[in-house]
Participant: 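Sharing a structure with you now.
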Amino acid sequence: MPEMPEVEAVCRRIRPEVAGSIIRRARLLRPGTAAGPGAREMEAWLEGRRIGRVLRRGKNILLYLAGRPEPWRALHVHLRMTGNLEMAPDARMHAAAARMILEFDGRRALVFHDPRALGRVRLMTADQVRELSAAIGPEPLSPAFTAGRMTEAARRCRKAVKLFLLDQTRIAGIGNIYAAEILFAAGIHPGRRANRLSAARMEALHGAIRRTMAEAVRTAGAEYGEPGRWGEAEFALRVYGREGEPCGRCGARVKRVRQGGRSTYYCPGCQR
DNA sequence: CACAATACCTGCTAGC
DNA sequence: TGCTAGCAGGTATTGT
């Protein structure tokens, strides 16, 4: 489910409780959830560690763990489609979909919950964290993400612009919903080739990415008093999930097409 | 290399 | 009511 704005909201929500806490006990409740080396090994390394910073890069969550005497590591969490991280007041109280539990002092725990079990956790060395970050494109809300830099990336991509937006190596954090909303905001047809957009459209696309993602971060964050909800109620979706409904701007029926095996929604009147 | 298709999982719902 | 096909906000892997 979560795209960058929802992942950011998860980080903001758990950070005050998690940062500075010591992991008394780590439990991986499903073998496949731990990517790479064994789950038992990972649990053993985690126990007794203090969590430092809680950072996000694209859709990736990194919980930094003090090493001493060995070098620090980070617990990398990817929520994929249905994952979520939540604080539980009591580690014994968790749903069937709990995949990892990090128990802190006095029963408090951070629970990785993931019904569909596509999410992954992995212990990373400093080098692996650097590699991960280097493999991902710029954060859309960072100063580094300029119209110029985006245009350069797009010029090298012959795919449909919708698929360009979803490619994490080019821009970090955009997913299926916001890609559709961004293209609606920019007035660009999702099937246009990324490398063939005019300079004016590159500017429009860049602006739409920044505005849409900024708005989504605000709305996803605003809603986070309510655990388990993903911000869909606050952010006004104009095309996503609205197949057959009239476009709020021009009245044409919203269309759904398949791109890269996934649904794309767009307004044939507004997006050319 | 770039790109497309498929695999990975479970749960929900629209339609019969 | 009960079944099933189709779909779900992501990405690693495999194939062309």
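Numbers restart at 1 for each chain; the letters A, B, ... are given by sequence-line order, proteins then strands.
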Participant: For A:R258, enumerate each residue passing the side-chain hydrogen bond (donor to acceptor under 3.5 Å, both in side chains) test, keeping only those at least two apart in sequence or located in another chain.
Facilitator: none
Participant: If you write DNA chain C from 5' to 3' in dot-bracket form, with Watson-Crick or G-U pairs under 3.5 Å, [ ] for crossing pairs and | for pairs with another strand, what do you get?
Facilitator: .|||||||.|||||||
Participant: Between B:dG11 and C:dT1, how many Å separate the two P atoms, rounded to a whole number?
Facilitator: 22 Å
Participant: Can we say A:E139 and A:R56 salt-bridge, meaning some charged N sits less than 4.0 Å from an Asp/Glu carboxylate O?
Facilitator: yes
Participant: Report the residues that fulfil ring pair (Phe, Tyr, Trp, His ring centres under 6.0 Å) with A:F145, sequence neighbours left out, ordered by chain and then residue number.
Facilitator: A:H206
Participant: Between C:dG6 and B:dC9, how many Å separate the two P atoms, rounded to a whole number?
Facilitator: 22 Å
Participant: Taking DNA chain C as the partner, which of residues 119-142 of chain A come within under 4.0 angstrom of it by heavy atom?
Facilitator: none
Participant: Select base, sugar-phosphate, or nothing to describe what A:G261 touches, counting heavy atoms under 4.0 Å on all strands.
Facilitator: nothing
Participant: Could you pull out all residues at least two apart from A:E41 that satisfy side-chain hydrogen bond (donor to acceptor under 3.5 Å, both in side chains)?
Facilitator: none
Participant: Would you mind listing every salt bridge (Lys or Arg N to Asp or Glu O under 4.0 Å) that reaches into residues 167-192 of chain A, with sequence neighbours excluded?
Facilitator: A:K159-A:D167, A:D167-A:R170
Participant: For A:K159 and for A:L118, find the nucleotide of DNA chain B with the closest heavy atom, then tell me which residue's nucleotide is more 5'.
Facilitator: A:K159
Participant: Shoot me the first and last contacting nucleotide of DNA chain B against chain A, ordered 5' to 3', at under 4.0 angstrom to non-hydrogen atoms.
Facilitator: B:dA2 to B:dT10
Participant: Give the ring-plane orientation class for A:Y178 versus A:F235, where under 30° counts as parallel, over 60° as perpendicular and anything between as tilted.
Facilitator: perpendicular
Participant: For A:F184, check ring pair (Phe, Tyr, Trp, His ring centres under 6.0 Å) against everything at least two apart and list the hits.
Facilitator: none
Participant: By salt bridge (charged side-chain N to carboxylate O under 4.0 Å, His left out), which residues pair with A:R49, not counting sequence neighbours?
Facilitator: A:E70
Participant: Could you check if a side-chain atom of A:L79 sits within less than 4.5 angstrom of a side-chain atom of A:F112, using non-hydrogen atoms only?
Facilitator: yes
Participant: Are the charged groups of A:E43 and A:R40 less than 4.0 angstrom apart, N to O?
Facilitator: yes
Participant: Return the set of residues passing salt bridge (charged side-chain N to carboxylate O under 4.0 Å, His left out) with A:E17 (not counting sequence neighbours), or none when no residue passes.
Facilitator: A:R108
Participant: Can you name the one residue among A:R25, A:R92, A:R24 that meets salt bridge (Lys or Arg N to Asp or Glu O under 4.0 Å) with A:E103?
Facilitator: A:R25
Participant: Could you pull out the protein-nucleic contacts involving nucleotides 11-15 of chain C (nitrogen or oxygen on both sides, under 3.5 Å)?
Facilitator:
{"residue": "C:dT11", "atom": "OP1", "partner": "A:H78", "partner atom": "NE2", "Å": "2.8"}
{"residue": "C:dT11", "atom": "OP2", "partner": "A:K59", "partner atom": "NZ", "Å": "3.0"}

Participant: With a 4.0 Å cutoff (strictly under), does any side-chain N or O of A:S263 reach OP1 or OP2 of C:dA8?
Facilitator: yes
Participant: Would you kindly give the CZ-to-C1' distance between A:R256 and C:dA8, to the nearest whole Å?
Facilitator: 11 Å
Participant: So what does A:R170 hit on the nucleic acid, given a heavy-atom distance under 4.0 Å: a base, only sugar-phosphate, or nothing?
Facilitator: sugar-phosphate
Participant: For A:R158 versus A:N195, what's the shortest heavy-atom pair and its separation?
Facilitator: CG-ND2, 2.9 Å
Participant: Base, sugar-phosphate alone, or nothing: which one does A:R30 contact when heavy atoms must sit under 4.0 Å apart?
Facilitator: sugar-phosphate
Participant: Any side-chain N or O of A:R258 less than 4.0 Å from the OP1 or OP2 oxygen of C:dG6?
Facilitator: no
Participant: Excluding sequence neighbours, so at least two apart, what forms ring pair (Phe, Tyr, Trp, His ring centres under 6.0 Å) with A:H76?
Facilitator: none
